[in-house]
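These notes concern the structure reproduced below.
The structure displayed is predicted, hence computed values, not measured ones. Each chain gets a letter, A, B and so on, in the order the sequences are listed, and its residues count up from 1.
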Number of protein chains: 4
Amino acid sequence: MTPILGANQYGKAESRVVRIVRDTARHEIRDLNVSTSLRGDFAAAHITGDQSQVLPTDTQKNTAFAYAKIHGVDSIEDYAIALGGRLLEATPAADQAQVRVEEYAWDRLGDHSFVRRGGAVHTAVVTVTRAGVHVISGVRDLVVLNSTDSEFKGFLKDEFTTLAEADDRILATSLVARWRHTTAEGVDWAGVDWNASYADALDILLRTFAGTYSRALQETLYAMGTALLESRPDLAEVRFSAPNKHHFLVDFSGFGVGGLTNDGEVFIAADRPYGLIEAEVTRADAPPAGDAWLAVPGFC
Amino acid sequence: MTPILGANQYGKAESRVVRIVRDTARHEIRDLNVSTSLRGDFAAAHITGDQSQVLPTDTQKNTAFAYAKIHGVDSIEDYAIALGGRLLEATPAADQAQVRVEEYAWDRLGDHSFVRRGGAVHTAVVTVTRAGVHVISGVRDLVVLNSTDSEFKGFLKDEFTTLAEADDRILATSLVARWRHTTAEGVDWAGVDWNASYADALDILLRTFAGTYSRALQETLYAMGTALLESRPDLAEVRFSAPNKHHFLVDFSGFGVGGLTNDGEVFIAADRPYGLIEAEVTRADAPPAGDAWLAVPGFC
Amino acid sequence: MTPILGANQYGKAESRVVRIVRDTARHEIRDLNVSTSLRGDFAAAHITGDQSQVLPTDTQKNTAFAYAKIHGVDSIEDYAIALGGRLLEATPAADQAQVRVEEYAWDRLGDHSFVRRGGAVHTAVVTVTRAGVHVISGVRDLVVLNSTDSEFKGFLKDEFTTLAEADDRILATSLVARWRHTTAEGVDWAGVDWNASYADALDILLRTFAGTYSRALQETLYAMGTALLESRPDLAEVRFSAPNKHHFLVDFSGFGVGGLTNDGEVFIAADRPYGLIEAEVTRADAPPAGDAWLAVPGFC
Amino acid sequence: MTPILGANQYGKAESRVVRIVRDTARHEIRDLNVSTSLRGDFAAAHITGDQSQVLPTDTQKNTAFAYAKIHGVDSIEDYAIALGGRLLEATPAADQAQVRVEEYAWDRLGDHSFVRRGGAVHTAVVTVTRAGVHVISGVRDLVVLNSTDSEFKGFLKDEFTTLAEADDRILATSLVARWRHTTAEGVDWAGVDWNASYADALDILLRTFAGTYSRALQETLYAMGTALLESRPDLAEVRFSAPNKHHFLVDFSGFGVGGLTNDGEVFIAADRPYGLIEAEVTRADAPPAGDAWLAVPGFC
């Protein structure tokens with residue numbers, strides 16, 4: 001029996017790169033969490049311990065910091081493309097570099113003062129291969145809630161079903177979404193305004209969530225995905241991972257208080273368990289994804 | 001040897017109370033995390049297992065949800081005063097009820113749609129006694145950063161000191177602050193606009209952080225505390241717990257790239273260890289705190 | 001442009017199922033975290049909001065609790081196979097049920113008293129299809145450390161490389177590993193002693209980690225995977241996700257203390273960034289994995 | 001109005017000190033999380049920004065690492081006493097040094113190989129003053145469960161009470177406990193076997209938890225505290241913070257399965273809200289605590 005080395009990748013995860021632009025008295029800040037992985041022919045490192053083809057993860061980290069200066073961080077997508085390209089160039093044995101970036105937003109307090117915004121985090125997963133580049137943008141921790149216009153009924157029932165049908169419930173989720181940019185021959189990545197693209201996508205997702213009457217979280221997600229693809233022809237597909245953050249109506253009926261009712265006004269926000277709805281919406285003529293989604297954590 | 005029961009308290013922690021106000025088509029949301037503790041003569045419950053004077057923690061939870069409807073949540077301070085008063089009234093053996101509330105802010109997307117804001121969390125610790133009420137308001141997770149106008153030098157040195165003096169560094173913290181409202185005879189708590197008070201305090205803290213040249217985080221905290229007390233005569237004291245979120249300048253000197261320098265532009269945001277600066281600023285003539293700070297977690 | 005619904009799945013995540021076996025005065029405890037997902041033709045739920053083919057996630061949760069009694073929990077693998085089979089049976093539109101289970105170990109204090117062990121968590125991912133069953137067992141949070149017999153040198157260098165070669169360093173990781181059981185026609189899953197299989201696999205991993213001189217974490221992982229496959233012919237492949245938990249030697253050279261040296265004795269355990277090494281070792285003649293690994297979070 | 005600087009302290013939190021003893025081929029490991037705080041006259045640092053009396057938190061961190069070698073880590077209590085003494089000596093303006101240490105336990109796999117045990121964490125809070133030393137030992141994350149011999153009934157009821165009385169329930173908690181060692185004149189701290197003391201205390205707590213019929217968590221805590229003080233005359237008092245980790249019996253009555261019952265066999269482990277029971281048991285003639293508990297996070 002000879003075991004075989006299968007898929008493998010290695011890199012440095014979660015370098016917390018903070019870039020201050022201080023060319024004028026009015027500073028700018030970009031606050032990133034950067035992870036890189038190299039893939040390719042690293043069999044020797046695994047089987048004989050020969051590291052001669054292995055660019056250390058420490059070097060990958062150094063490069064991530066250096067490129068925040070050398071290339072700069074106009075957008076996380078643009079920075080990731082440059083960083084991935086550099087790592088691939090520096091590592092002959094690699095055939096792919098995946099760069100994953102999260103960006104934490106800050107609001108301005110003054111010329112050199114900032115307060116962290118919190119809330120949704122902008123994400124990017126860029127895969128640079130010898131043949132081209134895949135770019136996936138996304139968002140996580142986008143917590144949204146509709147306090148009405150949500151129902152859940154007419155569902156399949158078996159002997160373990162005790163859930164009552166709901167005509168009017170809270171719908172809430174902490175959304176993870178990722179959308180893949182079209183990879184076509186001749187695409188000039190350098191011309192893309194990634195920040196504008198992200199802001200527009202986020203706006204479409206939020207407006208569709210707010211404006212959609214929901215018969216299930218599945219329907220809402222599909223509507224969001226459809227709206228995104230219809231508005232942005234530069235996107236090939238979108239994936240969602242959406243925990244159903246249950247808000248249960250609190251039962252006041254046992255309280256000995258005359259006239260006390262709970263007409264959709266007081267809820268308990270539950271932690272676990274939670275529904276978990278995951279779905280992909282794709283364009284019929286989307287170019288193939290290749291390895292764009294390889295080793296992306298979870299459904300998306 | 002007879003052991004003695006010392007200080008004790010019991011209650012229900014972290015009830016996630018969500019209140020939707022739906023009197024009109026334009027809904028409002030208040031999203032709270034509520035914890036209550038009762039203190040008093042509960043020796044029998046501990047020593048003989050007699051529960052006859054113990055209002056169950058489950059009942060405390062029920063009351064927290066019911067009061068979100070019965071009393072409502074105009075502000076977390078106001079709600080906590082009402083809830084604490086009720087729990088004390090319902091429990092003859094108790095002499096104090098402490099109510100701790102956190103509020104998570106949401107931004108509006110539509111008439112009944114919201115997106116969670118993230119960032120700073122508004123907090124309150126209210127202690128209702130048979131003699132009166134203590135109110136402490138506060139904030140946590142207020143992450144602020146100055147990218148210049150911060151130094152640290154002239155410090156005490158011993159044989160373990162290796163830190164270089166810094167003329168220009170990043171100053172950043174994830175602030176916890178709490179401020180005690182004056183408890184004077186004749187104070188009419190019902191007349192206070194708690195939300196306006198909180199917004200004003202937060203604004204003072206942010207503006208002072210941004211506007212203060214810092215020779216140490218201690219100096220910045222003291223300036224913030226002083227500004228708050230000077231602006232708001234209704235506050236008796238303020239306490240801070242401020243982790244120094246270190247941003248270390250990345251050393252580019254070892255990189256073999258001609259002309260590459262790091263002039264305060266690229267930093268690594270470190271996790272642990274971190275400096276931890278804690279301080280209280282108080283008004284000279286502040287009325288006594290009594291048990292206002294009893295069992296508040298940590299320094300503040 | 002007509003968007004198309006792509007891959008999708010839905011279910012209930014993180015039901016915390018605790019099973020007490022109390023047939024005798026000497027109780028047993030099984031403490032589980034159970035997640036289920038159904039896959040299949042659920043287009044109507046997404047596109048028109050028709051839920052008639054959707055078994056609610058609430059029902060999936062109920063079934064998870066009921067099956068802890070009806071089927072019992074001899075092992076998490078056996079329980080997951082039964083639960084997945086039931087969910088598939090109850091949902092005509094589904095063609096796959098994935099059941100993910102984690103088990104938290106407890107040590108016995110008395111006949112009905114237990115203390116939670118902490119440390120490594122036993123995991124299982126079972127995928128039940130209309131054609132058969134895939135079983136992946138695994139472990140997470142297995143934190144191991146070698147205080148010597150680890151080096152890292154001879155690596156690829158570029159202009160961003162500043163790492164010194166190391167002859168003797170700490171090697172530590174918090175291992176996630178998953179191994180796929182052979183799916184062959186005629187496999188009688190009912191006859192497998194899953195708990196014994198897990199205990200043996202864990203023992204092989206630990207002994208190999210401790211007994212392997214390491215020229216890189218990659219080499220150690222490959223040795224562990226090889227040992228596992230060589231010892232257990234019932235396994236087809238194993239996957240590892242291994243953060244390199246860096247322990248940096250603390251530099252004492254700047255301290256003004258005569259004769260003070262740090263000869264591999266005092267380290268700082270770092271949080272972020274961390275190396276992340278991921279690899280698969282497979283048997284050359286392994287039967288195909290099919291959808292066994294579909295939507296398993298991360299590399300493994 | 002002149003604001004006054006009140007209580008204050010500063011230091012370095014969460015230095016992750018790992019000490020390998022490698023005098024022989026059979027290595028030993030001590031894995032610590034160390035936090036220090038200095039208190040005293042640091043008004044100038046706050047008010048005028050004068051740092052001349054401030055020993056940097058960076059130096060405190062360096063000292064924590066150096067003392068793992070210079071003094072060694074026979075026990076975390078002993079190490080903390082030495083470290084606190086050193087910091088006080090190095091800082092004339094300080095009158096107290098508080099050192100907080102957590103220790104993570106490892107099990108041996110081989111001469112230089114270890115696997116982290118998980119579970120309970122040994123803690124110490126040592127306060128060194130110019131007049132003497134306070135030592136508090138403790139444990140956190142001690143998760144214990146009794147599957148019977150626990151009831152809760154006869155409690156106070158009001159109009160919000162809906163809880164049913166329970167004759168037989170699961171009792172579970174994730175215990176935080178701290179116990180103060182007697183500070184008497186002439187106590188020779190150097191002669192204490194802290195590790196043996198901790199092991200004995202932990203054993204008493206576990207045996208008492210397992211052996212006590214419980215009419216409420218309060219009664220169980222009091223029994224544990226009493227047992228500890230009765231067995232160990234060197235302890236002055238003990239404090240507990242005990243979340244009541246609710247395990248709710250799952251209701252099978254709505255399931256359409258003939259004969260299916262849940263006789264205390266299947267529970268859901270709930271996250272939030274949770275009961276929180278906190279109590280202190282003290283010796284009647286305990287010497288005064290002084291500042292031993294100052295700024296200990298939470299109730300204990």
Side-chain angles (χ1 to χ4, degrees), chain A residues 1-16 45-47 49 51-59 61-63 66 90-91 154-156 158 160-163 215-216 218-219 222 225-226 229-230 237 272-284 295 297-299, chain C residues 1-16 45-47 49 51-59 61-63 66 90-91 154-156 158 160-163 215-216 218-219 222 225-226 229-230 237 272-284 295 297-299:
Chain A
M1 201 281 311
T2 308
I4 297 170
L5 179 66
N8 63 87
Q9 60 183 19
Y10 79 100
K12 191 69 102 189
E14 302 207 38
S15 291
R16 291 282 288 105
H46 291 82
I47 297 172
Q51 306 302 315
S52 61
Q53 297 305 311
V54 172
L55 190 75
T57 67
D58 189 78
T59 300
K61 175 204 70 178
N62 285 349
T63 311
T91 316
F155 42 77
L156 184 65
D158 70 4
F160 296 109
T161 302
T162 58
L163 184 71
R215 275 160 295 206
Q218 281 93 326
E219 191 183 17
Y222 183 74
T226 299
L229 295 184
E230 287 178 345
E237 57 178 331
R272 294 190 298 182
Y274 50 91
L276 181 56
I277 315 299
E278 299 172 298
E280 175 189 36
V281 184
T282 184
R283 196 177 295 280
F299 186 90
Chain C
M1 199 282 311
T2 309
I4 297 171
L5 179 67
N8 62 88
Q9 59 183 21
Y10 80 101
K12 192 68 104 188
E14 302 208 36
S15 291
R16 291 282 288 105
H46 291 81
I47 297 171
Q51 305 302 316
S52 62
Q53 297 304 311
V54 171
L55 190 74
T57 67
D58 188 78
T59 300
K61 174 204 70 177
N62 284 348
T63 310
T91 315
F155 43 76
L156 184 65
D158 70 4
F160 296 110
T161 302
T162 57
L163 185 71
R215 275 161 294 207
Q218 281 93 325
E219 191 183 19
Y222 183 74
T226 300
L229 295 185
E230 287 179 344
E237 58 177 331
R272 294 190 297 182
Y274 51 90
L276 181 56
I277 315 300
E278 299 172 297
E280 174 190 36
V281 185
T282 185
R283 197 178 295 281
F299 186 88

Fill in the blank from the handout: Highest number of heavy-atom pairs under 4.5 Å with chain C among A:Ser52, A:Ala45, A:Ala295, A:Ala66 belongs to A:Ser52
Exercise for the section: Output the option from A:Ala13, A:Ala216, A:Gly11, A:Gly6 having the highest count of non-hydrogen pairs under 4.5 Å with chain C. Expected result: A:Ala13
Hey, could you give me the [atom1]/[atom2] distance between [X] and [Y], rounded to the nearest 0.5 Å?
{"X": "A:Leu229", "Y": "A:Glu237", "atom1": "CG", "atom2": "CD", "result": "8.5 Å"}
{"X": "C:Leu276", "Y": "A:Tyr10", "atom1": "CG", "atom2": "OH", "result": "12.5 Å"}
{"X": "A:Arg283", "Y": "A:Glu230", "atom1": "CZ", "atom2": "CD", "result": "8.5 Å"}
{"X": "A:Glu280", "Y": "C:Ile4", "atom1": "CD", "atom2": "CD1", "result": "10.0 Å"}

Give, as side chain, backbone, both or neither, the part of [X] having an atom under 4.5 angstrom from any heavy atom of chain C.
{"X": "A:Arg272", "answer": "both"}
{"X": "A:Thr59", "answer": "both"}
{"X": "A:Lys12", "answer": "both"}

Using a cut-off of under 4.5 Å for heavy-atom pairs, which of [options] has the most such pairs with chain A?
{"options": "C:Ile277, C:Thr57, C:Leu163", "value": "C:Leu163"}
{"options": "C:Ala279, C:Ser15, C:Ala7", "value": "C:Ala7"}
{"options": "C:His46, C:Lys61, C:Gln53", "value": "C:His46"}

Exercise for the section: Would you check if the side chain of C:Gln51 reaches a backbone N or O of C:Gly49 as a donor-acceptor pair within less than 3.5 Å? Expected result: yes
Exercise for the section: Taking the side chain as every heavy atom from C-beta outward, state whether C:Thr161 and A:Asn62 have any atom pair closer than 4.5 Å. Expected result: no
Fill in the blank from the handout: The side chain to side chain contact (heavy atoms under 4.5 Å, CB included) partners of C:Arg215 (sequence neighbours excluded) come to C:Glu151, C:Tyr213, C:Glu219
Practice task
Let me know if C:Glu278 has heavy atoms under 4.5 Å from chain A in its side chain, its backbone, both or neither.
Solution key: both
